[in-house]
Structure formats: C-alpha cells, structure tokens
J.: 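I have a structure I would like to understand better, so I am pasting it below and will then ask my questions one at a time.
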Amino acid sequence: MNTPWNYNSAPAEIILRNSTMDPDEQQQLKGWLYDIATDRDKAAFTALFSWFAPKIIRFGIQKLNTESAANELLQETMSNIWRKAHLFDGDKGQATTWVYSIMRNLSFDMLRKVRSNREDTLSDDIWPIAEAELIEDNVFDDHLMSTHILKHINTLPEAQKEIVNGLYFQDLSQEQLATKLAIPLGTVKSRLRLALVKLKQQIGESK
Amino acid sequence: MITHHPKHELLSAFVEGELPASLSAAIAVHAEMCEICAKNIQHLTEESAANFFSPDVKTYNSYSDKPASNTAATDELSYEFMIDSITEDESIAELVVQEPLEIEIKGSTYQLPTALRSMSMMGWQKMGKLSRARLNLNEGALHSSLLHIDKDGGVPSHTHKGFELTLLLEGSFEDEMGTYVKGDFIWLTDKNTHTPHTTEGCLCYTVADDALQFIQGLSKLLNPIGAFIY
C-alpha cells in the first residue's frame with residue numbers, strides 16, 4: 001500500500017503547528033482589507049498587493065510552471081480581492097487564509113484548463129465562499145443597540161441603507177427585499193455585508 | 001454514522017489544490033456531510049496559508065516602504081500598471097445564490113451536492129438495477145460517475161485494476177467488510193474484493209482509474225462490460 005491515497009477508516013488526526021505568521025502582521029493585512037471594502041482605498045490595496053505579489057508569483061510558478069501564467073494568477077487573485085473585499089469576515093478567519101483560498105481556487109481552474117482542456121470553473125463549487133450565508137438574521141435584537149445604530153445607518157450610501165432598513169426595521173426577509181427592489185438576492189446579500197462591515201467599524205470607532 | 005473518511009494526505013493535497021477535480025469534489029461532498037473532516041480541512045487551510053505566506057520572501061512593510069530587496073525594477077513598473085488597471089474597476093462582486101439542483105432516477109428525486117452542481121453530466125445508462133451517468137470531466141484515465149443501485153440490487157463480486165472511490169450520497173449498502181451509510185468515503189484498491197448489495201437502494205458518486213474486474217464464476221462473463229459501471 002504505497003499510494004498516499006489509500007483507503008482509510010478513521011478520520012485524519014490533524015496536529016496543528018504554531019502559525020508562522022506574526023499576529024501584528026495579520027492584523028495589518030485585515031486592516032488593509034477593511035479599508036478596501038469600506039473606502040475602495042487604493043493605497044491600502046497597493047500595500048496589500050505589494051505584500052502578497054511576490055508570494056503569489058512564487059505559488060503560480062510552482063503550480064503553473066510559466067511566468068506568464070503566474071502573472072495571470074497574480075492579476076486574477078488581486079482583482080478578486082479588490083472586488084470581494086467586502087465578503088471577507090475578519091472575525092471568522094485570517095486574511096492569509098482568505099487570500100490563499102482565492103489564489104488556490106483560481107490556480108485550480110487555470111490548471112484544469114491546461115490539463116483537461118475545460119473552461120469550467122469548478123473551484124467555487126468545491127470550495128464555496130460561504131460568507132454571505134453566515135450573516136445572522138438577527139444582528140440587532142437589542143432595542144438600545146438599534147437606537148444607537150440608527151444614527152450610523154443614516155451615514156450609509158442609499159443602496160445599503162434601504163437594505164438595512166428593510167431587513168431590520170421593516171422585518172422583510174432578504175428574499176422579499178430582493179423582490180421589492182427588483183434586484184438579485186446575491187446583491188441584497190453583498191450590500192448587507194458591506195453595510196455591516198461599515199457599521200461595525202463605525203461603532204467600534206465611536207465607543 | 002459516517003465511519004469511513006479520507007486519509008490525511010488526501011486532505012492536505014485537497015487543501016493545496018493538487019487533486020484532480022473528480023477527487024477534490026469527492027472530498028468537498030464528504031466534508032459537507034462530515035463535521036470532523038470539515039474542521040480538519042479548515043485547520044489545514046489555515047496552516048497551509050500561514051506557512052505559505054510566512055515572511056521569508058521580499059515584502060513591503062507599510063504603505064510607503066520600499067521593497068526590502070528589489071531584484072527586478074521592471075516588476076515594480078508592471079505591478080504599478082496592474083494595480084491601476086485593477087482599481088479602475090469600481091464594481092464589487094455580487095454573490096450569486098444558486099438554487100439546489102435536483103436529479104431524478106428510477107422514480108426517486110435527489111438533491112445534487114454543491115460540489116457536483118456545475119459538472120456536465122451525460123445521460124443515464126441503465127442495466128438492470130444499475131444506472132450510471134458519467135460526469136464529463138475529461139481527466140484521462142479517471143472516470144467519475146453517479147451510480148444508482150435500485151432496491152435489492154448489487155454489483156457482482158469484483159476487484160479493481162486501479163482504485164475505486166465510492167462516496168455514498170443517499171441510502172446505504174453493505175459488502176463483505178461492513179455496512180456503509182450516507183457520507184461514507186470508501187477507497188478500495190486492487191487488494192480489495194467486494195460484492196456490494198443494497199436493500200433500500202442508494203445513490204453514489206464514484207471515481208475510478210480503471211475498469212472493474214469481475215472474479216467469480218459466471219460473472220467473469222461480465223468483464224467486457226466492467227467498464228460500464230465505473
């Protein structure tokens with residue numbers, strides 16, 4: 001039985017090694033991601049880009065073999081980060097894990113294109129980005145909290161404000177809101193996510 | 001209860017994106033049903049990411065810092081260009097919420113696991129109580145299929161020239177080695193011979209890298225169609 005993939009009955013036992021990342025550095029990466037999500041902050045993006053680029057290139061060369069493929073991987077990964085930063089949830093995991101997942105998924109699909117001559121993008125089904133599903137339905141149960149939060153909600157962009165108001169003050173479901181506003185459910189979820197990231201940050205600052 | 005799980009090495013390779021789509025999907029589906037493996041995958045991903053991004057290659061430390069070692073000046077130029085072109089895009093990614101996909105076979109309806117949803121599927125081929133739909137992944141010798149065995153059906157005693165992975169999606173079956181339930185991840189090689197049989201019927205996702213080899217008496221006659229099933 002020398003194949004590494006042979007049959008096994010018991011679940012794998014995973015022994016965690018200490019993380020090789022400095023906690024301050026992880027915090028810095030999260031900070032940049034939040035700045036991108038809330039302000040479309042190009043300086044933060046540039047910093048994040050410079051931090052990750054050489055490593056993504058290295059990953060690309062390891063997995064995809066050519067420099068041009070590695071560059072494509074870099075471009076795609078960073079562009080995903082720019083457009084998906086609002087979906088990152090720093091309470092649920094590290095920025096490195098999130099970036100790694102995006103990079104791994106893109107490289108998987110690129111490799112599949114080369115090896116199997118297929119243009120399908122299976123990676124998002126195999127490793128789904130499930131953040132939106134994790135948004136709890138009753139974030140603002142507390143009445144006092146609602147009053148406190150109200151003033152912050154008014155500072156949100158109109159599109160996000162109507163989602164938050166509809167969900168939390170008119171008790172509509174995400175599905176009902178999507179129908180009412182004639183937008184896809186996914187748009188409701190991402191606007192909500194973006195609004196919550198902003199609110200969380202503002203409330204944290206005003207404490 | 002699920003008692004058969006993918007091995008550690010398989011999970012590591014999965015996390016690093018090194019397995020073919022067929023096997024990656026099998027592990028993803030198993031993890032949807034198995035909390036232990038889902039948690040292990042989470043840990044392994046965190047670990048791979050932290051190891052991979054550990055600060056041993058050149059990095060900038062803050063907004064204004066210059067790179068620690070500037071090996072290629074052209075890098076910086078092309079990076080600037082890349083950053084500009086990426087940040088010009090003002091749209092943000094919207095999440096697409098997908099409806100679960102259902103399939104119907106022999107009068108039963110099943111919900112397809114997320115990981116299999118976008119795979120292109122060929123039509124069902126039927127032989128007695130066995131029905132098989134090939135998934136068109138184009139992975140050379142690796143063949144992936146959905147296999148349905150109707151109530152009280154089975155596969156004659158066989159071994160495998162390579163490996164055979166069976167992931168139980170619904171129902172249960174038993175063989176000489178035991179009983180298997182929904183979520184079980186069953187990896188067999190040419191060292192294993194078995195005669196699966198199901199009482200209640202079952203739907204499986206299978207991946208194999210070669211044809212089945214029937215070994216007993218009359219069922220040897222089936223060998224030319226051994227490739228039918230897996």
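Chain identifiers are assigned alphabetically (A, B, ...) following the order of the sequence lines, protein sequences preceding nucleic acid strands; residue numbering begins at 1 within each chain. Atoms considered below: every heavy atom in the structure, side chains included; atoms not considered: hydrogens, waters and symmetry mates. All figures in this text were calculated on a predicted structure; none of them were measured in a lab.
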J.: On a heavy-atom basis, which atom in A:Ile126 and which in B:Ala28 lie closest, and how many Å separate them?
T.: O-CB, 3.4 Å
J.: Check whether A:Thr96 gets within reach of chain B through its side chain, its backbone, both or neither, counting any heavy atom under 4.5 Å.
T.: both
J.: After noting the C-alpha distance and the side-chain angles of B:Tyr79 and A:Ile57, does the key distance pass the side-chain contact (heavy atoms from CB on, under 4.5 Å) rule?
T.: CA-CA 12 Å; B:Tyr79 283 179; A:Ile57 288 290; 3.6 Å; yes
J.: Under 4.5 Å from any heavy atom of chain A, what part of B:Ser48 do you find: side chain, backbone, both or neither?
T.: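 For B:Ser48, the contact with chain A is made by backbone and side chain together.
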J.: Pick from B:Ser91, B:Ala25, B:Cys34: which one has the most heavy-atom pairs with chain A under 4.5 Å?
T.: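 Heavy-atom pair counts peak at B:Ser91.
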J.: Are A:Thr121 and B:Ser118 close enough that some pair of their side-chain heavy atoms sits under 4.5 Å apart?
T.: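 No. Closest side-chain heavy atoms not under 4.5 Å.
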J.: Could you give me the CA-CA distance, side-chain angles and deciding distance for B:Glu139 and A:Arg112, then say whether salt bridge (Lys or Arg N to Asp or Glu O under 4.0 Å) is met?
T.: CA-CA 9 Å; B:Glu139 294 188 310; A:Arg112 191 166 150 66; 3.8 Å; yes
J.: Could you tell me whether the side chains of A:Arg118 and B:Asn136 share a donor-acceptor contact shorter than 3.5 Å?
T.: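 Judged by distance alone, the side chains do pair up.
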J.: Between atom CH2 of A:Trp82 and atom OG of B:Ser85, what is the distance when rounded to the nearest 0.5 Å?
T.: 11.5 Å
J.: CG of A:Asp22 to OG of B:Ser54: how many Å apart, nearest 0.5 Å?
T.: 11.5 Å
J.: Let me confirm one number: the NZ-CD distance from A:Lys42 to B:Glu88, rounded to the nearest 0.5 Å.
T.: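 The distance works out to 8.0 Å.
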J.: side-chain contact (heavy atoms from CB on, under 4.5 Å) between B:Ile86 and A:Phe45: does it pass, once the steps are laid out?
T.: CA-CA 10 Å; B:Ile86 290 172; A:Phe45 182 74; 3.6 Å; yes
J.: Contact part of B:Asp184 toward chain A, heavy-atom cut-off under 4.5 Å: side chain, backbone, both or neither?
T.: neither
J.: What part of A:Asn71 gets within 4.5 angstrom of chain B, counting heavy atoms only: side chain, backbone, both, or neither?
T.: both
J.: Between B:Leu137 and chain A, with a heavy-atom cut-off of 4.5 Å, which part of the residue counts as in contact: side chain, backbone, both or neither?
T.: both
J.: CH2 of A:Trp127 to CZ of B:Phe14: how many Å apart, nearest 0.5 Å?
T.: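 Rounded to the nearest 0.5 Å, the CH2-CZ separation comes out at 5.5 Å.
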J.: Heavy-atom distance under 4.5 Å to chain B: side chain of A:Glu175, backbone, both or neither?
T.: neither
J.: For B:Phe53 and A:Val99, which heavy atoms make the closest approach, and how far apart are they?
T.: CZ-CG1, 4.0 Å
J.: Mind checking the CD-CZ spacing from A:Gln75 to B:Phe81? Nearest 0.5 Å is all I need.
T.: 8.5 Å
J.: Can you tell which of A:Lys84, A:Arg104, A:Met78 has the highest number of heavy-atom pairs within less than 4.5 Å of chain B?
T.: A:Arg104
J.: Over all heavy atoms of both residues, which pair between B:Arg117 and A:Asp125 is shortest? Give the atoms and the distance, please.
T.: NH2-OD1, 3.1 Å
J.: With chain A as the partner, which of B:Ala21, B:Ser120, B:Gly140 has the greatest number of non-hydrogen pairs under 4.5 Å?
T.: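 Maximum pair count with chain A is reached by B:Ala21.
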J.: Any idea which heavy atoms bring B:Asp89 and A:Arg40 closest together, and the distance?
T.: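 Closest heavy-atom pair between B:Asp89 and A:Arg40: O-NH2, 3.5 Å.
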J.: Side chains of B:Met119 and A:Leu122: does their closest heavy-atom pair fall under 4.5 Å?
T.: yes
J.: Quick check on B:Glu32 against chain A: is it the side chain, the backbone, both or neither that has a heavy atom closer than 4.5 Å?
T.: neither
J.: Search all heavy atoms of B:Ser24 against all heavy atoms of A:Phe108 and return the closest pair with its distance.
T.: OG-CE1, 3.7 Å
J.: Quick one: CE on B:Met82 to CG on A:Leu74, what's the gap to the nearest 0.5 Å?
T.: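 That separation rounds to 4.5 Å.
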J.: Please report the shortest heavy-atom distance between B:Phe52 and A:Arg58, naming the atom on each side.
T.: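 Nearest pair, atom of B:Phe52 first, then A:Arg58: O-NH2, 3.0 Å.
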J.: Is it the backbone or the side chain of A:Leu48 that comes under 4.5 Å from a heavy atom of chain B, or both, or neither?
T.: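 No part of it gets close to chain B.
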J.: At a 4.5 Å cut-off on heavy atoms, which part of A:Ser123 comes close to chain B: side chain, backbone, both, or neither?
T.: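 For A:Ser123, neither part sits under 4.5 Å from chain B.
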